[in-house]
Amino acid sequence: MINPNTARAMTESIGRCARAVAGPSTAIVAVSPSMGPESIESHYDEALAVPGVLAEVAAGERAGTDGYVIACFGDPGLDAARELAAGPVVGIAQAAMHAATLVGRGFSVVTTLSRTAGRAWDLAHRYGFAAACRGVHACDIPVLELDRPDGDAREVVTRLCAEALDADGSDAVVLGCAGMAPFCAEISARLGVPVVDGVTAATKLVESLICLGLRTSARGEYAPPPPKRYSGLLGDFTIP
Ligand SMILES: O=C(O)C[C@H]1NC(=O)NC1=O
């Protein structure tokens, strides 16, 4: 489980949520890069998070990791990570959108800042869910304030999920932030519709792919990157 931001509390939360659904033979290791943004709320943050994600995948390959989840709703570095990894790499946005389309005709995405809504739409189109994604809604709560004990994030997100279902005519909700994972079961119970959290959906997808013997294809676009020199800080990366 790679949390692309450097917020330790969020990494621990992601690990807990993944372990809650992982099978008995699955060892969940939750990590986050030593470098990069403390939260990812813009294209700039996302770009600066990718080197750290790739460093974690490279370390995982050296350690023999079977598969990876990129636990940030922008799926930062997903394609590049697949070029490094032998096993499957699943982003939480892609996993959540897939899961939502298996239990509903149309889903609404509820995410954090309004400025990241475009990225969610981009991913829905990239993953082939342009028709199934009926709307993207932002609660405008900063990522690192979702777990504030004195905050009302859980209520705000729940209310926005209800409003999104009505506004979009959708029948499922995708939570658009790894930090919302702990809210998932309660919101689903309160609204009576499938609410999908990408952290747990991606965990089970990676498990399933490994169980099916499916690894990232090394043919074509996801083949290992061609060897070359990387200067400056990036030169410290050792591609496995
Ligand atoms: O894209 C977002 O708004 C949410 C995204 N940012 C982050 O630091 N973890 C996430 O899941």
Side-chain angles (χ1 to χ4, degrees), residues 1-22 26-43 45-99 111-112 116 119 123 127 143-144 146-147 175-182 197-210 214-216 222 224-225 233-234 236-240:
M1 305 299 295
I2 301 174
N3 171 19
N5 72 40
T6 58
R8 179 183 303 277
M10 207 162 155
T11 305
E12 291 166 359
S13 169
I14 287 164
R16 282 194 300 274
C17 291
R19 289 185 193 97
V21 298
T26 299
I28 298 288
V29 179
V31 298
S32 63
S34 57
M35 59 179 171
E38 64 179 349
S39 66
I40 297 163
E41 299 174 314
S42 65
H43 294 295
D45 291 344
E46 189 159 319
L48 291 180
V50 171
V53 168
L54 298 180
E56 292 305 323
V57 174
E61 288 303 285
R62 291 191 294 272
T65 300
D66 295 303
Y68 303 85
V69 169
I70 297 181
C72 170
F73 199 74
D75 293 353
L78 180 62
D79 289 319
R82 287 175 174 163
E83 291 178 346
L84 296 188
V89 185
V90 176
I92 66 172
Q94 189 169 22
M97 291 180 184
H98 272 286
T111 190
T112 50
T116 66
R119 180 71 173 143
L123 292 177
Y127 299 144
V143 170
L144 298 185
L146 287 170
D147 66 348
L175 296 180
C177 179
M180 296 178 182
D197 143 60
V199 171
T200 48
T203 299
K204 299 311 284 183
L205 254 180
V206 169
E207 271 186 342
S208 300
L209 292 169
I210 292 168
L214 293 173
R215 297 156 59 91
T216 298
Y222 289 146
L233 277 178
L234 294 181
D236 302 338
F237 277 34
T238 49
I239 306 286

Check step by step if side-chain contact (heavy atoms from CB on, under 4.5 Å) holds for Ile40 and Val143.
-> CA-CA 8 Å; Ile40 297 163; Val143 170; over 6 Å; no
Candidate pair Leu78 and Val89, rule side-chain contact (heavy atoms from CB on, under 4.5 Å), full reasoning = CA-CA 7 Å; Leu78 180 62; Val89 185; 3.8 Å; yes
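In this structure, Ser208 contributes its side chain and Lys204 its backbone to a donor-acceptor pair below 3.5 Å. For the pair Thr200 (side chain) and Ala18 (backbone), a donor-acceptor distance under 3.5 Å is absent.
Considering CE of Met10 and SG of Cys177, their distance stands at 4.0 Å, rounded to 0.5 Å. Separating the CE atom in Met1 from the OG atom in Ser32 is a distance of 12.5 Å, to the nearest 0.5 Å. Once rounded to the nearest 0.5 Å, the distance linking CE of Met97 with CZ of Phe73 reads 4.0 Å.
Nearest heavy-atom pair across Val29 and Arg19 is CA-NH2, 4.5 Å. Closest non-hydrogen pair, Ala202 versus Gly91, comes out as CB-O, 4.4 Å. The two residues Tyr127 and Asp75 come nearest to each other via the heavy atoms OH-OD2, 2.6 Å.
In the displayed structure, Glu12 atom CD is contacted under 6.0 Å by more than 12 heavy atoms of other residues, nucleotides or ligands. Residue Arg8 places its CZ atom among 12 or fewer non-hydrogen atoms of other residues, nucleotides or ligands, all under 6.0 Å distant.
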